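Keep in mind that this is a model prediction, so the values were computed, not measured. Note that these values count all heavy atoms, side chains included, but never hydrogens, waters or copies made by symmetry.
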Amino acid sequence: VAVQRQRDAASDAFEVVLPILNDRRSETVRLKTSVVAGETIELPALADEPRGAGSIRTVTVSADPAIIGLVGAASFMVSYPYACTEQRIARVRTGLALANFGDAIGLVREQEALLHGLDETLKWIEAAIDRRGLVAYWPGGRGYVSLTAWALQMVVAAEAAGHTVPEALSTRLVTSLRRALRSDFPALVPGSEFAERAWALAALTEAGIGDTGYGAELALRAQFFSVENLSQIVRVLAVEEAADADQIGSLADMLWAAI
């Protein structure tokens, strides 16, 4: 039944755009193996016969095992389906890291795909800042010092690579992390105060505005840090000219022992 108004020919007609979707889920299979001189490696056949051009098989060969891991990690990040703040930052930082050697190992396409969302990620981070100035995993959620630190690290890396970042965003992140260095900052996660302060200091140091005093204070509590956080404190003190060389050496010994 169709209805039409004669005065202006308005009708009840409507249009619905129906997307064409795959009738089956795509599947990615990665095989990593080592080959010695004179050895033959046989790649296994596909378990199911693909339809038409429904399959793509690629082979990457390198004398350096780390390169193979890098290629696998890059392709994984390109196809990663989730998109909270942390995951968006991880995608962009992967693309920024590939800028140093993506051309040399044939990962230009992956690098471009990962950096394609840089501007969108910067806008997302701005929208995800809570009332305390901390970045949340989702807009409207609670912000965290650690996630704010990761956001600033991404911003610093993007600027170093020649990308434009809103100055207001950088300033806001820096201001919040400077407040988070204080032991009485109210937004620190209970039980993870030292770890979050270490993240804040590490990010600020990467931005060129570290604080030796806070580094020395946190170093006195090294026994409470994970290996990752301990390495951050060592790095923070190592780049500060006023740091105590003996203290750095002691922390480095503790770090190697933990590894």
So, [X] side chain and [Y] main chain: donor-acceptor pair closer than 3.5 Å or not?
X      : Y      : value
Glu206 : Ala203 : no
Arg172 : Gly133 : no
Arg93  : Ala151 : no
Asp130 : Arg142 : no
Ser192 : Ala195 : no
Thr171 : Ala168 : no
Glu112 : Glu110 : no
Arg5   : Ala10  : no
Thr85  : Ala136 : yes

Crowding at [atom1], [X] (>12 non-hydrogen neighbours, <6.0 Å):
X      : atom1 : answer
Arg131 : CZ    : no
Glu39  : CD    : yes
Ile56  : CD1   : no
Glu159 : CD    : yes

Does one hydrophobic cluster hold both [X] and [Y], with members joined at side-chain heavy-atom distances below 4.5 Å?
X      : Y      : value
Ile68  : Met77  : no
Ile248 : Trp256 : yes
Leu31  : Leu46  : no

Closest non-hydrogen atom pair between [X] and [Y], with its separation:
X      : Y      : value
Leu134 : Ser176 : CD2-CB, 4.1 Å
Ser170 : Val155 : OG-CG1, 3.3 Å
Ala180 : Leu188 : O-CD2, 4.0 Å
Ala216 : Leu237 : N-CD2, 3.9 Å
Ala157 : Leu96  : CB-CD1, 3.8 Å
Leu114 : Ala74  : CD1-O, 4.5 Å

Would you call [X] and [Y] a side-chain contact if the rule is heavy atoms closer than 4.5 Å?
X      : Y      : answer
Ile89  : Leu147 : yes
Arg197 : Val145 : no
Ile209 : Arg178 : yes
Val165 : Leu122 : yes
Val234 : Met254 : no
Ser75  : Val78  : no
Leu255 : Val227 : yes
Thr40  : Val35  : no

Step by step, would you call Tyr214 with Arg182 a side chain to side chain contact (heavy atoms under 4.5 Å, CB included)? CA-CA 8 Å; Tyr214 279 114; Arg182 294 178 56 93; 3.5 Å; yes

To the nearest 0.5 Å, tell me how far [X] [atom1] sits from [Y] [atom2].
X      : Y      : atom1 : atom2 : result
Ser231 : Ile259 : OG    : CD1   : 7.5 Å
Glu217 : Ile233 : CD    : CD1   : 9.5 Å
Asn229 : Glu196 : CG    : CD    : 10.0 Å
Arg91  : Tyr80  : CZ    : OH    : 11.0 Å
Leu181 : Arg179 : CG    : CZ    : 11.0 Å
Leu177 : Gln153 : CG    : CD    : 9.0 Å

What's the verdict on side chain to side chain contact (heavy atoms under 4.5 Å, CB included) for Leu220 and Gln247, showing C-alpha distance, side-chain angles and the deciding distance? CA-CA 9 Å; Leu220 295 176; Gln247 186 179 46; 4.1 Å; yes

Walk me through whether Leu115 and His163 qualify under side chain to side chain contact (heavy atoms under 4.5 Å, CB included). CA-CA 10 Å; Leu115 289 179; His163 299 280; 4.2 Å; yes

Could you list the residues that satisfy ring pair (Phe, Tyr, Trp, His ring centres under 6.0 Å) with Tyr137, not counting sequence neighbours?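 By the ring pair (Phe, Tyr, Trp, His ring centres under 6.0 Å) rule, Tyr137 matches Tyr144.
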
Taking the inter-plane angle between the rings of Trp199 and Trp150 on a 0 to 90° scale, is it parallel (under 30°), tilted (30 to 60°) or perpendicular (over 60°)?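 Geometry flag for Trp150 against Trp199: perpendicular rings.
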
Can you spot which of Leu173, Asp211, Val236, Leu152 makes a side chain to side chain contact (heavy atoms under 4.5 Å, CB included) with Leu204?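 Considering Leu173, Asp211, Val236, Leu152, a side chain to side chain contact (heavy atoms under 4.5 Å, CB included) with Leu204 is found only for Leu152.
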
